[in-house]
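Input: a single structure, listed below in structure tokens.
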Amino acid sequence: MIKSVRGFKDILPEETPAWSWLEAQAREILVRYGFREIRVPILEKTELFARSIGEATDIVEKEMYTFVDRNQERLTLRPEATAGIVRAFIEHGLHNRPKPIKLFTIGPMFRHERPQKGRLRQFHQIDVEVFGAQSPGTDAELVVMALDILEAGGARNLRLEINSLGCPDCRVPFREELREFLLARKERLCEDCQRRAERNPLRALDCKNEVCQAEYREAPELTNFLCEDCRAHYEAFKAYLSEAEVSYQVNPRLVRGLDYYTRTIFEIKAPGLGAQDTVAAGGRYDGLVSALGGPDTPAVGFAIGIERWLLVSELPAELESPPELFIAPLGEEAARVTLRLARSLRARGIRVEADYEGRRLKALLRQADRLSARKVLILGEDELQKKEALLKDLETRTQEPLPFENLTDLVNRILIDLRF
RNA sequence: GUGACCGUAGCUCAGGUGGUCAGAGCGCCGGGCUGUGGCCCCGGAGAUCGUGGGUUCGAGUCCCACCGGUCACCCCA
């Protein structure tokens with residue numbers, strides 16, 4: 001038997017209502033905040049991701065689904081959505097529109113990692129981006145919106161962690177300082193951190209190893225190195241959050257896995273997710289648009305992991321609506337009439353189920369029962385003959401004759417019964 | 001990419017030390033009730049026992065490899 005690819009999951013009919021509901025909650029709030037949807041390809045040239053996410057990141061180094069197509073072009077399945085949106089933003093000259101430009105997209109992302117709880121190789125994100133706004137108020141509004149969306153979807157006990165990564169001006173000196181700090185105690189650090197010391201010093205800070213963390217208690221903190229502008233931005237960002245009565249935790253160890261972030265970064269965590277407890281994360285990336293060849297444009301964004309959101313959401317009890325009427329025809333002629341009848345009723349907005357398999361009444365009633373239909377219209381040869389159908393209420397277990405002149409009349413009588 | 005545990009019908013699981021071990025419950029379809037449901041009784045369909053090798057007279061049952069699942073690490077949504 002051919003099975004799905006590792007880490008790629010089917011979303012079955014029992015699950016899709018929850019997905020649709022969650023997405024509907026998100027869309028509702030996104031439009032309230034003034035965002036418009038953009039849909040971009042899930043396949044892009046490899047170079048786009050390499051240049052935006054960063055050559056030395058784990059994502060680019062070992063997690064991308066990359067292949068060469070028939071024209072010898074290197075393509076990759078998007079591991080995140082920002083790069084493609086920025087590409088589209090530049091390609092279509094969206095920067096010429098009134099600022100800020102607020103966009104979102106919903107869809108699958110692909111990362112070749114070992115699957116575990118809350119982590120698939122194909123997973124789904126709601127991705128949000130704001131272009132052309134540099135004030136910390138925008139950062140704060142985005143964070144607040146992320147919380148609004150998650151909570152509208154039934155997520156509770158969310159924890160917001162924030163940090164500032166500064167800009168290239170202040171991060172570079174800090175990086176150097178940190179590198180020296182790490183190298184000075186290299187022998188006492190774990191293997192990973194020894195490697196990080198040279199390649200990506202910032203990453204060492206959020207190492208889970210206790211020994212390393214003990215060492216890092218005295219490590220230099222980026223926030224102490226922030227330049228005047230970055231510090232002001234960070235302080236203002238926090239002031240906005242406080243004013244909005246959003247509680248947050250400053251996490252100076254918070255680092256992101258993508259190179260393009262500047263200044264504000266944040267993660268929203270939820271209990272009950274296991275080791276992967278981040279439901280949403282994002283930050284500011286003021287340098288990315290120009291790095292990809294566009295005009296200098298400040299930008300902020302974040303992404304919500306839909307699978308993780310689903311894991312922590314309390315969903316409404318009833319997401320699916322059962323049929324209002326089940327038509328049970330007995331005999332071939334009745335079955336033919338049933339199709340016309342069902343179609344007319346559906347055209348009038350009624351949720352109708354019908355059966356054409358020629359099963360016995362008992363089986364049809366059982367079926368109607370399992371579908372949680374409210375009523376059953378029994379239509380046999382006798383009823384057609386007498387022009388008198390039977391309408392059965394499955395809950396009260398009662399039924400009454402429903403005389404009719406013709407099919408149109410029958411439709412009307414059923415409508416009256418169901419609607420009043 | 002690393003590690004631990006796991007892999008028998010659609011689902012949940014039984015199957016001492018290798019020799020009628022291919023089963024049960026639920027679900028599905030049907031019959032009992034020749035046109036009246038959720039209960040009950042009966043029957044039926046449905047399994048290359050994850051895949052491929054090996055050991056053996058004989059392997060779900062032992063060995064190896066691979067694939068997949070779960071969780072953790074790395075990293076991330």
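Predicted model, so just to flag it, every value in this text is computed and none were measured. Every heavy atom of this structure was used, including side-chain atoms; hydrogens, water molecules and symmetry mates were not. Below, read A as the first sequence line, B as the second, and so on, with proteins coming before strands; counting in each chain starts at 1.
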Problem - Atom C1', compared across B/G25 and B/U8: separation rounded to whole Å - result: 15 Å
Problem - Proximity to the side chain of A/Ile378 - top-ranked nucleotide from B/G69, B/U36, B/G37 - result: B/U36
Handout entry: Under 3.5 Å: donor-acceptor pair, side chain of A/Glu307, backbone of A/His124
Key = yes
Exercise for the section: May I ask you to check whether over 12 heavy atoms, not counting those of A/Glu221, lie within 6.0 Å of atom CD? Expected result: yes
Practice task
Could you tell me whether the side chains of A/Gln125 and A/Glu80 share a donor-acceptor contact shorter than 3.5 Å?
Solution key: no
Practice task
Verify, without hydrogens or angle tests, whether A/Arg374 (side chain) and A/Pro323 (backbone) share a donor-acceptor contact under 3.5 angstrom.
Solution key: no
Between the protein and nucleotides 1-5 of chain B, which nitrogen or oxygen pairs come in under 3.5 angstrom?
unit_1, atom_1, unit_2, atom_2, d
B/U2, O4, A/Arg114, NH1, 2.7

Practice task
Would you mind checking if A/Arg87 and A/Glu47 are paired as a salt bridge, meaning a charged N to carboxylate O distance below 4.0 Å?
Solution key: no
Fill in the blank from the handout: Per nearest nucleotide of RNA chain B, the residue lying toward the 5' end, A/Ala275 or A/Val5, is A/Val5
Exercise for the section: For nucleotides B/C49 and B/U20, find the distance between their P atoms and express it as a whole number of Å. Expected result: 16 Å
Handout entry: Within the 6.0 Å centroid threshold, strictly below: A/Phe8 and A/Tyr65
Key = yes
Practice task
Let me see the working for A/Leu160 and A/Leu241 under side-chain contact (heavy atoms from CB on, under 4.5 Å), right down to the final yes or no.
Solution key: CA-CA 11 Å; A/Leu160 170 65; A/Leu241 290 180; 4.1 Å; yes
Handout entry: Pair A/Glu333 + A/Arg336: basic N to acidic O under 4.0 Å
Key = no
Practice task
Report yes if a donor N or O on one partner sits less than 3.5 Å from an acceptor N or O on the other, where the partners are the side chain of A/Gln367 and the base of B/G38; otherwise report no.
Solution key: no
Completion exercise
In this structure, CG of A/Leu341 is separated from CG of A/Leu325 (nearest 0.5 Å) by 8.0 Å
Handout entry: Nearest-Å distance once atom C1' is located in both B/U34 and B/G38
Key = 23 Å
Practice task
Could you check if the base of B/G7 is syn or anti? Syn means the glycosidic torsion is within 90 degrees of 0.
Solution key: anti
Exercise for the section: Determine, for A/Phe104 and A/Lys102, whether the Lys NZ or Arg CZ falls below 6.0 Å from the six-membered ring centre while staying within 45 degrees of the axis. Expected result: no
Exercise for the section: Rounded to whole angstrom, note down the C1' distance from B/G7 over to B/U48. Expected result: 15 Å
Problem - Contact list for RNA chain B against residues 7-37 of chain A - heavy-atom distance below 4.0 Å - result: A/Gly7
Handout entry: Per-nucleotide protein contact string for nucleotides 27-33 of chain B, where B marks a base within reach and S marks sugar-phosphate only (heavy atoms under 4.0 Å, - for neither)
Key = -SSSSBB
Practice task
Identify whether any heavy atom of A/Ala281 sits under 4.0 Å from a base atom; if not, whether one sits that close to sugar-phosphate; answer base, sugar-phosphate or nothing.
Solution key: sugar-phosphate
Completion exercise
With both pairing distances under 3.5 angstrom for Watson-Crick or G-U wobble, and | for a partner in another strand, the correct string for RNA chain B is (((((((..((((.....[...)))).(((((.......))))).....(((((..]....))))))))))))....
Handout entry: Check ion pair A/Glu73-A/Lys45 (N to O, under 4.0 angstrom)
Key = yes
Practice task
Determine the Euclidean distance between corresponding C1' atoms of B/A59 and B/G50; express it in Å to zero decimal places.
Solution key: 16 Å
Could you pull out the protein-nucleic contacts involving nucleotides 43-49 of chain B (nitrogen or oxygen on both sides, under 3.5 Å)?
none

Practice task
Would you mind checking if A/Arg413 and A/Asp409 are paired as a salt bridge, meaning a charged N to carboxylate O distance below 4.0 Å?
Solution key: yes
Handout entry: Whole-angstrom distance between B/U17 and B/G30, as gauged at atom P
Key = 42 Å
Exercise for the section: Looking at every strand, decide which applies to A/Glu383 at a 4.0 Å heavy-atom threshold: base, sugar-phosphate, or nothing. Expected result: base
Problem - Length of the CG-P vector between A/Asp369 and B/G37, whole Å - result: 10 Å
Exercise for the section: Using whole Å, report how far CG of A/Leu371 lies from P of B/G37. Expected result: 17 Å
Practice task
Check every strand shown and say whether A/Leu311 touches a base, only sugar-phosphate, or nothing at a heavy-atom separation below 4.0 Å.
Solution key: nothing
Handout entry: Nearest-nucleotide comparison on RNA chain B, the residue closer to the 5′ end among A/Arg121 and A/Leu330
Key = A/Leu330
Problem - Gap between atoms CZ and C1', on A/Arg6 and B/G50 respectively (whole Å) - result: 13 Å
Exercise for the section: Write down the distance separating the C1' atoms in B/A24 and B/G68, rounded off to the nearest Å. Expected result: 26 Å
Problem - Backbone of A/Arg284 reached by a side-chain donor or acceptor of A/Thr264 within 3.5 Å - result: no
Practice task
Report which part of the nucleic acid A/Leu390 touches: base, sugar-phosphate, or nothing (heavy-atom distance under 4.0 Å, all strands).
Solution key: base
Problem - Proximity to the side chain of A/Lys117 - top-ranked nucleotide from B/A77, B/C71, B/G69 - result: B/C71
Practice task
Please tell me which of the listed nucleotides, B/G69, B/A72, B/U36, lies nearest to the side chain of A/Lys392?
Solution key: B/U36
Practice task
Look at the rings of A/Phe89 and A/Phe131 and say which category their plane angle falls in: under 30° parallel, 30 to 60° tilted, over 60° perpendicular.
Solution key: parallel
Problem - Those residues that, when tested against A/Asp148, pass salt bridge (Lys or Arg N to Asp or Glu O under 4.0 Å) (two or more places apart) - result: none
Exercise for the section: Using a 4.0 Å heavy-atom cut-off across all strands, classify A/Gly274 as base, sugar-phosphate, or nothing. Expected result: sugar-phosphate
